[in-house]
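To keep things clear, I will list the structure first and then write my remarks on it.
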Amino acid sequence: MGRGAPSSAPPVLLLLLLLLWAERPRGAELTFELPDSAKQCFHEEVDQGVKFSLDYQVVITGGHYDVDCYVEDPLGNTIYRETKKQYDSFTHRAEVKGVYQFCFSNEFSTFSHKTVYFDFQVGDEPPILPDMGNRVTALTQPVLLFCL
């Protein structure tokens, strides 16, 4: 290689990095203002068979600290709905590929805005240590209790 010629990583290394990046769970965390009498929706494409989760919480201000929340699949079916909740979690495995929509509503409130935090994750989290599912550790070891 001559001077000034760009260096490049071996194609195998680039392919490995691409595969590792593709296997990572993806998602979004956001804190946003939800005005009174308003609704805010978010959209995410999810492949069939992939698990996704939504955690949310009303974090600051706003009357009773509650919102309505629902999740719709790409066919328009409601797969989760809760009303007037301060926080909740929802996990689902996508039955169809497409754009899933999740919405937060403060339409029932006519005078107080809310601040909402959510964390939406797509994909399975890999174990922190390899073989964690197959080993007995101090945290997973059964405990025997004796009663007198």
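- Considering only heavy atoms from C-beta on, Lys114 comes within 4.5 Å of Asp66 through its side chain.
- Cluster annotation: Leu30 is connected to Phe90 through the hydrophobic network of ILVMFWY side chains, with a link wherever side-chain heavy atoms come within less than 4.5 Å.
- Residue Phe104 is grouped with residue Tyr65 when hydrophobic side chains (ILVMFWY) are merged at heavy-atom distances under 4.5 angstrom, including chains of intermediate members.
- In this structure, cysteines Cys103 and Cys69 have SG atoms that are not closer than 2.5 angstrom.
- Inter-residue side-chain proximity for Lys84 and Val67 is flagged as unmet; no heavy-atom pair is nearer than 4.5 Å.
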### Task
Please lay out, stage by stage, how Tyr117 and Glu29 fare under the test side chain to side chain donor-acceptor pair (under 3.5 Å).
CA-CA 7 Å; Tyr117 161 82; Glu29 281 184 81; 2.6 Å; yes

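- In this structure, the ring of Phe102 has its center no less than 6.0 angstrom from the ring center of Tyr56.
- Contact annotation: the side chain of Thr115 approaches that of Glu33 to within less than 4.5 Å [non-hydrogen atoms, C-beta and beyond].
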#### Entry: Derivation and outcome, side-chain contact (heavy atoms from CB on, under 4.5 Å), residues Gln40 and Phe32
CA-CA 9 Å; Gln40 180 68 47; Phe32 67 97; 3.8 Å; yes

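- Taken together through direct or relayed side-chain contacts under 4.5 Å among Ile, Leu, Val, Met, Phe, Trp and Tyr, Ile79 and Val96 form part of one hydrophobic cluster.
- In this structure a side-chain-to-backbone donor-acceptor pair under 3.5 Å is present from Gln48 to Glu95.
- By the 4.5 Å heavy-atom criterion applied to side chains, Tyr100 and Pro74 are counted as neighbours.
- Looking at every heavy atom in both residues, Ser53 comes nearest to Thr91 through CB-OG1, 3.5 Å.
- Note that the CZ atom of Arg93 and the CZ atom of Phe52 stand 10.5 Å from one another [nearest 0.5 Å].
- Looking only at distances, a side-chain donor or acceptor of Asn106 sits under 3.5 Å from a matching main-chain atom of Pro35.
- Aromatic ring orientation, Phe118 versus Phe42: tilted (interplanar angle from 30° to 60°).
- Between Val122 and Glu44, some side-chain heavy-atom pair lies under the 4.5 Å cut-off.
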### Message
If you apply the rule side-chain contact (heavy atoms from CB on, under 4.5 Å), what do you find for Asp88 with Tyr80, and how did you get there?
### Response
CA-CA 11 Å; Asp88 203 9; Tyr80 168 85; 2.6 Å; yes

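- Between the side chains of Ser112 and Asp36, no donor-acceptor pair of N or O atoms lies under 3.5 Å.
- In the hydrophobic cluster analysis, where Ile, Leu, Val, Met, Phe, Trp and Tyr join through side-chain heavy atoms closer than 4.5 angstrom, Val46 is grouped apart from Tyr70.
- Remark: Lys85 NZ to Asp68 CG distance equals 11.5 Å, nearest 0.5 Å.
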